[in-house]
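Quick caveat: nothing in here was measured; it's all calculated off a predicted structure.
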Amino acid sequence: QVPPKNDTSVAFGKNERYRLYMTVLSGALLPAILPQLLWLIAFGELMLAHEGVLVQDLCGSAKNWIHLVRCKDLNGYSGKVVLMAGSLILAEMAVCVFATSASLIHTTKSVLEEAPWRRNKVWVIALAFCVGLVCCCVVVVAGAESLNALPWYYYILAVTMPILCLGSCEWMKRHNRTHIKRAVMMRRLQFETR
């Protein structure tokens with residue numbers, strides 16, 4: 001049913017508030033939650049590589065990162081490994097936010113339909129600056145030996161997570177596109193009827 005013409009009491013359409021919350025959650029929650037898994041992996045593996053004696057004293061026979069994460073005696077640890085793992089999670093979170101921002105440049109067009117760098121030079125410059133800054137931060141804080149201590153699946157997950165963030169935003173965008181088109185048609189109908 002078409003609402004009365006120029007009715008100001010209708011602020012949200014049906015289920016629009018739910019779609020708005022889901023869009024915000026898919027755009028903000030995934031880039032914040034997914035890198036936490038990488039922090040667990042990085043913390044455990046870097047503890048084994050850099051603080052092997054401490055691990056043997058506090059946790060006994062911890063062989064991999066899963067055992068180290070469950071070790072209760074490491075709850076108060078605040079050494080250099082926490083800083084290294086923190087810089088790695090910062091880098092991954094930044095890359096996930098970059099992937100999400102690429103999807104949010106256009107409201108209705110997919111990244112595959114129109115590339116985000118095609119008409120948005122400011123975004124490209126800001127992205128290049130931020131990527132360079134994040135890379136410098138990781139190299140200065142973590143170092144090459146820390147990056148070599150991480151397992152191969154860490155890098156697979158680090159590449160996969162931004163793709164997941166981009167995919168979730170694109171899925172929500174595709175879902176919202178039908179509602180946006182319907183709202184545009186309703187506005188035209190309200191405008192063209194007397």
Side-chain angles (χ1 to χ4, degrees), residues 1-3 7 9-45 65-66 69 85-135 137-138 147 150-191:
Q1 184 179 22
V2 178
D7 186 11
S9 66
V10 180
F12 286 103
K14 187 176 183 180
N15 294 332
E16 190 169 352
R17 186 168 293 146
Y18 169 75
R19 286 186 293 107
L20 179 64
Y21 288 143
M22 290 307 294
T23 302
V24 168
L25 288 178
S26 71
L29 206 58
L30 279 179
I33 289 177
L34 289 178
Q36 302 301 322
L37 173 66
L38 290 181
W39 187 87
L40 294 173
I41 296 170
F43 177 73
E45 294 295 332
W65 67 272
I66 297 172
V69 169
S87 69
L88 292 172
I89 190 177
L90 171 70
E92 182 63 24
M93 194 178 296
V95 171
C96 287
V97 169
F98 298 154
T100 303
S101 72
S103 176
L104 297 176
I105 288 177
H106 300 291
T107 306
T108 56
K109 292 182 182 177
S110 172
V111 174
L112 300 175
E113 292 175 22
E114 182 160 356
W117 56 84
R118 185 168 296 153
R119 292 189 299 165
N120 200 344
K121 303 298 181 206
V122 174
W123 181 80
V124 172
I125 293 169
L127 181 70
F129 175 74
C130 291
V131 166
L133 192 65
V134 165
C135 289
C137 178
V138 167
L147 295 176
L150 296 172
W152 60 270
Y153 52 86
Y154 177 88
Y155 296 105
I156 300 286
L157 288 172
V159 170
T160 306
M161 286 180 184
I163 296 170
L164 287 174
C165 292
L166 179 66
S168 71
C169 284
E170 287 294 312
W171 181 77
M172 284 305 297
K173 188 190 302 186
R174 189 184 73 198
H175 179 70
N176 288 338
R177 191 178 304 148
T178 58
H179 296 284
I180 291 171
K181 286 180 182 177
R182 186 182 309 145
V184 168
M185 288 172 44
M186 288 292 252
R187 274 187 248 125
R188 285 183 185 160
L189 181 64
Q190 285 179 355
F191 181 73

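Closest of all the heavy-atom pairs between Ile105 and Pro116 is CD1-CB, 3.5 Å. Residues Ala91 and Val138 approach most closely at CB-CG2, 3.4 Å, considering heavy atoms. Counting all heavy atoms, side chain and backbone alike, Ala158 lies closest to Leu38 at CA-CD1, 3.9 Å. Closest non-hydrogen pair, Leu90 versus Cys137, comes out as CD2-SG, 4.2 Å.
Of the inter-residue distances, the one linking Trp65 atom CH2 with Leu40 atom CG reads 6.0 Å to the nearest 0.5 angstrom. Rounded to the nearest 0.5 angstrom, Leu164 CG and Trp171 CH2 are separated by 14.0 Å. We find the SG-CD1 distance between Cys96 and Ile33 to be 11.5 Å, quoted to the nearest 0.5 Å.
The shortest side-chain heavy-atom distance between Phe98 and Pro162 does not fall under the 4.5 Å cut-off. When side chains are defined from C-beta on, Glu45 counts as touching Pro151, because their heavy atoms get closer than 4.5 Å.
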- Query: Would Leu34 and Glu92 count as a side chain to side chain contact (heavy atoms under 4.5 Å, CB included) if you check the C-alpha gap in whole Å, the side-chain angles of each, and the deciding distance to 0.1 Å?
  - Reply: CA-CA 9 Å; Leu34 289 178; Glu92 182 63 24; over 6 Å; no
- For side chain to side chain contact (heavy atoms under 4.5 Å, CB included), just list the numbers for Leu30 and Thr100, CA-CA rounded to whole Å, side-chain angles, deciding distance to a tenth of an Å, and then say yes or no. CA-CA 9 Å; Leu30 279 179; Thr100 303; over 6 Å; no
- List the steps and the verdict of side chain to side chain contact (heavy atoms under 4.5 Å, CB included) for Leu157 and Ile41. CA-CA 10 Å; Leu157 288 172; Ile41 296 170; 3.7 Å; yes
- Task: In sequence, state the C-alpha distance, the side-chain angles, and the governing distance for Tyr154 and Leu88, and then conclude on side chain to side chain contact (heavy atoms under 4.5 Å, CB included).
- Result: CA-CA 11 Å; Tyr154 177 88; Leu88 292 172; 3.4 Å; yes
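The salt bridge (Lys or Arg N to Asp or Glu O under 4.0 Å) check on Arg119 picks up Glu114, with sequence neighbours excluded. The ring pair (Phe, Tyr, Trp, His ring centres under 6.0 Å) search around Phe43 returns Trp39, not counting sequence neighbours. Glu170 meets the salt bridge (Lys or Arg N to Asp or Glu O under 4.0 Å) test with Lys173; sequence neighbours excluded.
Around atom CZ of Phe129, no more than 12 heavy atoms belonging to other residues, nucleotides or ligands sit under 6.0 Å away.
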